[in-house]
Amino acid sequence: MEYNFTELEKKWQEYWEQHKTFKTVDDLSNPKKFYALDMFPYPSGSGLHVGHPEGYTATDIVSRYKRMNGFNVLHPMGWDAFGLPAEQYAIQTGTHPSITTQENCDTFRRQIKSLGLSYDWDREINTTDPGYFKWTQWIFIRLYNTWFDKEQQKGRPVAELPIPADIEKQGKMAVQDFIDEKRLAYYDNAQVWWCKKCQIVCANEEVLNDGSHEKCGTKEVERKNLKQWMLRIPHYAERLLAGLDTLEEWPESVKDMQRNWIGKSKGAEVDFNVEGIDEPLRVYTTRPDTLFGATYMVIAPEHPLLDRIVTNDKREEVDKYVKAASLKSDLDRTELAKEKTGVFTGRYAINPVNGEKIPIWVADYVLIGYGTGAIMAVPAHDTRDFEFAKTFGIKITCILDPEHADAEVRQKVLEGNQCWTDDGAYINSAGSDSLDINGMNKEKGIQTVIDWLEKKGLGTGAVNYKLRDWLFSRQRYWGEPFPVIHWEDGEVTLVPDEDLPVRLPEMEKFQPGANGESPLANAGDWLTLTDANGRKGRRETNTMPQWAGSCWYYLRYIDPLNDKAPFNAQKEKYWMPVDLYIGGAEHAVLHLLYSRFWHKVLFDLGIVSTDEPYRKLYNQGMILAFAYETKAGSKVPSDEVGERDGKYYHKDTGEELQQIVAKMSKTLKNVVNPDDVTVKYGADSLRLYEMFMGPLDATKPWTDTGVKGVYNFLCRVHRFFADPNSIKEGEEDAEMLKTLHQSIKKVTSDIENLKFNTAISQLMILTNLAIKKGRVSPGTARIFAKLLSPFAPHLAEELWEKYGAQKTISYEAWPEVNPAFLQEDSFEYPVSFNGKMRFKIEFPVDASREEIGKAVLAHEKAQKWIEGKQVKKVIVVPNKIVNIVVG
RNA sequence: GCCCGGAUGGCGGAAUUGGUAGACGCGCUGGACUUAAAAUCCAGUAAACAGUAAUGUUUGUGUGGGUUCAAGUCCCACUCCGGGUACCA
């Protein structure tokens, strides 16, 4: 009797499909619910990768386990199907993106179904479906119509926005402008990244550090000014930060990354008077305590006051510098970070704490987009300022004595020859005007100076965030259209809810429009419209970025076919929050931050019932593959590599190669296709192997022999547990009962903790013992089948059927541990001398410490270690260890 | 530079949270079955030394220190690898 996985898996997949085994019923009366969510994939043309099934199998195991524990489980799958590749393909071939998308989704669905994942396919969603993006547009309208009330720290409808009397007085336009400035979504000129190759605007975060576009890899990325939709996510910075503290079941690393991304800093804004100009220059600093060490100021080249600050004799030089800076991207600026550049403006400011005259420079190491776009420079205590001052020979005044640093360093710092950013005691920090922080430490100094500034009206405590407004539009065809109309008189209106969705026009050519316009700019009929009064309007031609659809998809699964609302409120209240969310760490910041932001807005508007969408988050690790390289470090494609005696060599040259671990890639020819694995070993083996490789969150290399190992295990399981000759009535012995119940205990807790690798090893131990015993009782076999079922569901169903069941194992009660079988009456104590284990002696579990100590010392084996020495101490830890200290 | 995470046999990885290091799997070695091979089954497998052998001794969780009766686990310093971020004042 062979383990014919092909037939067996087909049989059960058909059974599940026919019986709708995993259809989720909205039984809102069951208090036990579990929402297990996978990060839905972008259905690319290359099909499923072995990385996909890793997370999917993990949530599937938990889903199956929860069902068997009486939970009402929501476990859905869908497609994040808007995106560039389909559009690029359309530009090249003329094939409509919807056709490509459809085909890719079909491939993905087929592949995913072949893995035996227990999704409720009736809830499948697709972000490109008008029935779906109708509600994405609907949410956009909500964002547009919401403002953030700082006092209440809450988003509220713009209808509730109080309009100041002086604005009201200025008329309707002023009121409109005032409201527009408060909306969470707004339309404005924005300097954006423009990828020449993709002909697309990219968000800041899509441009990598090396200046390349993350999607296409070219470095042809430049700045461009375009009218763009932006979302005011920084308004929610504080809420997004505070929310992180409530997410106890998120990895700390992800929370840290989000905190860093939001980048909150506390400090002060300080006004510096400028000689000969009536307007003060305001700076933001996190170190107001170092004001006494400020020996110059720097303003960004784009600073609005620059023009007035520059003196005539310096104008030419400054203009030249500003122009050069404007041609540089932010990236060039940072790339040249090693060498700081800048020009003296010719004018001086007055340091408010000591009245000193300090020069104002313009330099591009100060960014217009952060803080006030101007800084006070304290070269003695800020590394960037130090470098700049050194380069241009500006005065460096040490005001913080590094008391506890070593003498040499301290001396250099005091002389202004080294920068010191840590704590110390202030020196030279007393002004004529009642401010004296000499001798204080950093923390106290900062507070004292802020208090003084506020009292004097020279500045205030201030908070800044790195988080910027979210550029929310793309010049693309294959994305959600904005429900927006621009009228010829300049008014912007949103399409009313009842007219949603705004569909994409049918088009034949998908080339971008001129000057960075979306292809939609060429969509004749669709583009223009006329209102009842004959006013002409033009639809928004930008589309939403790919993030949009994934910001709220978890909500749509709750009620995917609803055409009256994005979802039913009762159902939302029942299913939310998501109990387990598994996906790649690459989404640690952007997707998860964006979707938390949307969720919080929806929460503030009363549309969803929870403040945070995802209760437990887990990142699966990446699956890598072995690759080979020469001593010189050049990579060799896997098909050119031979193996001999555990060593690797180049088939052609014979050169010995080193095995390394690398990402799967076409060039290295080490890509593993899940379909091939399924054909060769079956879906259960693929699932099992991916879970057995190592901890779920670790990055680990794929090995074919590893798959074979778990395949062999399943063969053994099948050979033994599917054979009626090995399942016979009769008592189990104590060893079997103990292992069985240990297995129930371990598999249960391991699933709860997502430690699938050790759960599987326990199933192997149990199987090995059963085979050794030669027979098990039907009861034991049934428990085994249940324990196996979340991991290898096809085989488990098959066994279950063989054991006489009429229906699926999926809803059978999960086995319970009987602690009686785990209890031992004796424990074999490891006995160590001076911490080294020497031998073992068995004692009853309830033996007293004294008893054990005495017996051990009297034991013949102990004599060898005691002989000629003095017993100094006897440590007995009940049911753990005995340690005897001799000397 | 800064913030996280990691380092355990030939390999992937276990280790009840301070208590027998190396579970389970791969690989390898030997044996059984076979005309033979594959498959399967059984046994062995951290290293070094001693012994015909059972066995014994020593060393051993990236490096160096420390705490402790006892450290893979805790503390300090460092090395290397991976991820994030980077003129954010």
Side-chain angles (χ1 to χ4, degrees), chain A residues 209 251-261 263-265 267 283-287 290 298 330 333-338 340 363-367 369-378 382-385 387-388 464-468 585-586 588-589 619 621-622 624 626 645-646 659 661 688-689 692-695 697-710 712-713 715-716 719 746 749 755 757-765 767-768 771-772 828-840 864 872-877 879-887:
Chain A
N209 286 339
E252 278 308 317
S253 59
V254 172
K255 291 194 271 184
D256 277 345
M257 277 197 248
Q258 294 211 355
R259 287 190 189 106
N260 288 339
W261 194 263
K264 180 178 181 173
S265 78
V283 302
Y284 171 73
T285 175
T286 53
R287 297 292 304 275
T290 59
V298 184
D330 273 5
R333 289 195 189 184
T334 44
E335 237 174 5
L336 296 172
K338 292 141 219 152
K340 293 223 170 357
D364 63 7
Y365 82 91
V366 170
L367 307 174
Y370 184 80
T372 61
I375 61 158
M376 63 178 212
V378 185
D382 180 288
T383 47
R384 297 151 302 184
D385 298 343
E387 277 172 42
F388 189 86
N464 253 302
Y465 302 91
K466 287 192 219 173
L467 188 65
R468 305 297 165 79
E586 66 273 20
V589 178
N619 296 127
M622 222 189 315
L624 306 175
F626 285 114
D645 302 331
Q659 192 182 51
V661 171
L688 209 61
Y689 175 60
F692 186 63
M693 289 172 86
D697 58 353
T699 49
K700 50 225 160 207
W702 182 278
T703 60
D704 197 59
T705 51
V707 193
K708 225 177 129 207
V710 293
N712 285 340
F713 165 66
C715 288
R716 279 158 65 83
R719 209 176 305 123
K746 179 133 186 74
S749 66
K755 290 165 76 175
N757 54 334
T758 49
I760 293 165
S761 92
Q762 186 63 41
L763 290 173
M764 288 171 169
I765 291 169
T767 304
N768 289 345
I771 290 171
K772 201 169 138 195
E828 196 178 39
Y829 280 85
V831 179
S832 31
F833 292 83
N834 290 341
K836 276 188 183 143
M837 208 280 285
R838 297 303 178 181
F839 55 87
K840 292 174 186 174
K864 180 179 172 186
K872 290 185 173 165
K873 207 170 181 182
V874 178
I875 294 140
V876 179
V877 184
N879 299 313
K880 275 267 166 73
I881 201 167
V882 175
N883 189 20
I884 295 161
V885 186
V886 293

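Chain letters run A, B, ... following the sequence lines, proteins first and then strands; every chain starts at 1.
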Between the base of [N] and the side chain of [X], is there a donor-acceptor distance below 3.5 Å?
{"X": "A:Lys840", "N": "B:U20", "result": "yes"}
{"X": "A:Asn883", "N": "B:C69", "result": "yes"}
{"X": "A:Lys340", "N": "B:C87", "result": "yes"}

When the [atom1] atoms of [N] and [M] are considered, how many whole Å apart are they?
{"N": "B:A46", "M": "B:U40", "atom1": "C1'", "answer": "29 Å"}
{"N": "B:G12", "M": "B:U17", "atom1": "C1'", "answer": "23 Å"}
{"N": "B:G72", "M": "B:G22", "atom1": "C1'", "answer": "11 Å"}
{"N": "B:C11", "M": "B:C28", "atom1": "C1'", "answer": "11 Å"}
{"N": "B:G64", "M": "B:C69", "atom1": "P", "answer": "23 Å"}
{"N": "B:A86", "M": "B:C81", "atom1": "P", "answer": "22 Å"}

Value in whole Å for how far the P atom of B:G27 lies from CZ of A:Phe626: 13 Å

Closer than 4.0 Å, any side-chain N/O of [X] to the OP1 or OP2 of [N]?
{"X": "A:Lys700", "N": "B:G12", "value": "no"}
{"X": "A:Arg719", "N": "B:C41", "value": "yes"}
{"X": "A:Arg838", "N": "B:U20", "value": "no"}

From CG (A:Asn464) to OH (A:Tyr284), nearest 0.5 Å: 4.5 Å

Touch class at under 4.0 angstrom, heavy-atom based, for A:Asn757 against every strand present: sugar-phosphate

Qualifying residue for side-chain contact (heavy atoms from CB on, under 4.5 Å) with A:Val298, from A:Asp364, A:Asp385, A:Ile375: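 With A:Val298 as partner, side-chain contact (heavy atoms from CB on, under 4.5 Å) holds for just one option, A:Ile375.
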
Under 3.5 Å on both distances, the Watson-Crick or G-U partner of B:U57: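 Across all strands, the one nucleotide that pairs with B:U57 is B:A48.
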
Residue whose nearest RNA chain B nucleotide is more 5′ - A:Asn712 or A:Pro695: A:Pro695

